[in-house]
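Okay, so here's the structure we're looking at.
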Amino acid sequence: MRKLFVAPPGKKMVRMDYDQLEWRVLAAVTQDPILLKALESGKKIHQVTAEQMNIEYDKAKRGNFALIYGAQAWTLAQNLQCTINEAKEFMKLYFEKFPGVKKYQETMREIAISKKQVSNWFGRTRRIDAMYVDQWRVKEEGIKEAVNTPIQGTGGEVCKIGMIALHKHNAPMVLQIHDELLFEVAEKDATEYAHWLKVFVPSLVEINGVRFLVDVKIGQNWWECSQ
């Protein structure tokens with residue numbers, strides 16, 4: 001499907017993708033020392049998790065995505081295809097290795113219960129309707145929303161800030177897919193434009209010392225610049 005998005009004659013497609021956007025947000029918000037050190041060294045968060053917990057990369061990736069959004073042992077066991085007891089041991093070790101993440105989730109849980117709403121870094125607020133219901137299962141889903149919203153919401157806003165700033169600079173953006181932006185640029189300007197994006201976009205937002213880097217590639221179609 002990506003090969004169907006083709007730059008017109010005389011132009012190139014430039015693809016900009018935020019590097020580990022939600023993980024950078026998580027590190028910035030939680031100030032977890034291991035996550036911050038991983039970003040400073042240029043490592044991928046999933047690789048660092050695998051190293052810290054002495055597990056395979058794929059298992060670390062699945063565990064990361066489950067746990068940062070508030071998954072409990074039963075859901076984690078499904079994701080990792082293990083027993084619930086093994087999932088509990090995984091969670092115990094994970095939060096020992098990443099204490100900042102544990103503290104953040106505990107704080108979000110308290111906020112959800114007491115205020116029934118949470119806010120992202122920029123102050124945008126979401127009411128947690130599940131906290132108004134008596135059933136504990138529904139409330140637990142609300143806790144997941146409370147953990148999830150500030151991270152995904154902040155990531156989405158970082159991306160939107162970039163889109164607005166680039167629009168003001170007359171950037172010819174043609175498509176947005178989550179944290180990925182596509183541009184059509186004159187072929188002669190494509191390389192210079194790609195370099196400019198890598199410098200300009202990370203300068204737009206900084207959270208607790210964490211900047212949001214981008215990967216940029218050039219191609220004749222969307223598939224080419226995604227490789």
Side-chain angles (χ1 to χ4, degrees), residues 17-39 41 43-121 126-156 158 177-180 210:
D17 184 32
Y18 281 90
D19 177 58
Q20 303 189 92
L21 177 57
E22 291 181 7
W23 301 101
R24 287 184 176 276
V25 171
L26 183 70
V29 170
T30 65
Q31 288 291 285
D32 185 272
I34 299 297
L35 295 179
L36 291 172
K37 186 177 180 180
L39 295 181
S41 63
K43 287 187 174 182
K44 296 295 184 183
I45 297 298
H46 302 317
Q47 184 59 47
V48 171
T49 302
E51 293 170 0
Q52 288 290 318
M53 300 187 65
N54 193 28
I55 56 177
E56 298 172 354
Y57 180 91
D58 181 63
K59 187 175 182 179
K61 182 176 181 179
R62 285 182 282 139
N64 269 336
F65 276 114
L67 290 178
I68 69 161
Y69 294 132
Q72 296 303 308
W74 185 81
T75 302
L76 181 62
Q78 286 188 313
N79 287 343
L80 299 181
Q81 296 181 332
C82 65
T83 67
I84 292 180
N85 284 337
E86 288 171 338
K88 288 180 178 178
E89 286 299 315
F90 186 100
M91 292 175 67
K92 182 176 181 293
L93 178 59
Y94 184 92
F95 289 124
E96 286 175 357
K97 296 293 185 180
F98 301 99
V101 177
K102 181 180 181 181
K103 183 178 179 181
Y104 160 78
Q105 292 194 358
E106 289 173 345
T107 300
M108 287 301 104
R109 185 182 188 93
E110 291 172 3
I111 291 173
I113 293 170
S114 62
K115 296 185 177 181
K116 297 180 173 56
Q117 65 179 31
V118 292
S119 301
N120 71 11
W121 178 262
R126 176 183 181 182
R127 192 178 76 170
I128 308 298
D129 290 337
M131 305 312 297
Y132 291 90
V133 179
D134 292 332
Q135 292 93 335
W136 72 268
R137 287 185 182 276
V138 177
K139 285 191 173 184
E140 283 302 313
E141 288 302 314
I143 298 297
K144 290 182 183 179
E145 289 180 16
V147 171
N148 185 329
T149 294
I151 302 302
Q152 287 196 328
T154 299
V158 168
I177 316 92
H178 302 298
D179 54 2
E180 178 181 347
V210 175

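- Minimum heavy-atom separation, Ile143 to Ala112: CD1-CB, 4.2 Å.
- Side chains of Ile113 and Met131 form a contact here, defined as non-hydrogen atoms less than 4.5 Å apart.
- Within the 4.5 Å cutoff, the side chain of Lys92 has no heavy atoms near those of the Lys88 side chain.
- Between the CG atom in Asn64 and the OH atom in Tyr57 there is a gap of 9.0 Å [rounded to 0.5 Å].
- Side-chain atoms of Glu145 do not come within 3.5 Å of backbone N or O of Asp129 as any donor-acceptor pair.
- Contact annotation: the side chain of Thr49 never approaches that of Gln52 to less than 4.5 Å [non-hydrogen atoms, C-beta and beyond].
- Side-chain contact between Ile55 and Phe90 is present, with at least one heavy-atom pair separated by less than 4.5 Å.
- Residues Leu35 and Thr30 are in side-chain contact: their nearest non-hydrogen atoms beyond the backbone lie under 4.5 Å apart.
- With rounding to the nearest 0.5 angstrom, the CG atom of Asp179 is 11.0 Å from the CD atom of Gln20.
- Sorted by first then second residue, the salt bridge (charged side-chain N to carboxylate O under 4.0 Å, His left out) pairs that include residues 60-82, not counting sequence neighbours, are Asp58-Arg62.
- What you find for Asp32 and Gly100 is that their closest heavy atoms are OD2-N, 2.8 Å.
- Pairing each heavy atom of Val133 with each of Lys139, the nearest pair is O-CE, 2.6 Å.
- A distance of 10.0 Å separates NZ of Lys44 from CG of Leu39, quoted to the nearest 0.5 Å.
- Formation of a donor-acceptor pair under 3.5 Å by the Glu141 side chain with backbone atoms of Ala130 is not found in this model.
- For Ile68, the side-chain contact (heavy atoms from CB on, under 4.5 Å) test picks out Trp23, Leu26, Tyr94, with sequence neighbours left out.
- Closest approach of Cys82 and Ala87 over heavy atoms only: SG-N, 3.8 Å.
- The NZ atom of Lys115 lies 12.5 Å from the CD1 atom of Ile128; values are rounded to the nearest 0.5 Å.
- Residues Tyr18 and His178 place their aromatic rings such that the two centres sit no closer than 6.0 Å.
- The backbone N or O of Gln31 sits nowhere less than 3.5 Å from a side-chain atom of Tyr104 that would complete a donor-acceptor pair.
- Side-chain contact check for Phe98 versus Lys102: every heavy-atom pair is 4.5 Å or farther apart.
- One finds the CD1 atom of Ile34 at 8.0 Å from the NZ atom of Lys97 (value rounded to the nearest 0.5 Å).
- No donor-acceptor pair closer than 3.5 Å links the side chain of Thr154 to the backbone N or O of Ile151.
- More than 12 heavy atoms of other residues, nucleotides or ligands sit less than 6.0 Å from atom NZ of Lys116.
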*asked:* The test is side chain to side chain contact (heavy atoms under 4.5 Å, CB included); show your working for Glu140 and Arg109 and say whether it passes.
replied: CA-CA 9 Å; Glu140 283 302 313; Arg109 185 182 188 93; 2.8 Å; yes
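- Annotation for Ala38 and Ile45: closest pair CB-CD1, 3.9 Å, computed over non-hydrogen atoms.
- In terms of heavy atoms, Ala77 sits closest to Thr83 at CB-O, 3.8 Å.
- With hydrogens and angles ignored, the 3.5 Å screen pairs a side-chain donor or acceptor of Arg24 with a backbone N or O of Asp19.
- Taking 4.5 Å as the limit, some side-chain heavy atom of Lys43 sits within range of a side-chain heavy atom of Glu51.
- Val25 is not listed as a side-chain neighbour of Trp121, based on a closest heavy-atom distance of 4.5 Å or more.
- Taken to the nearest 0.5 Å, the CZ atom of Phe65 stands 4.0 Å off from the NE2 atom of His46.
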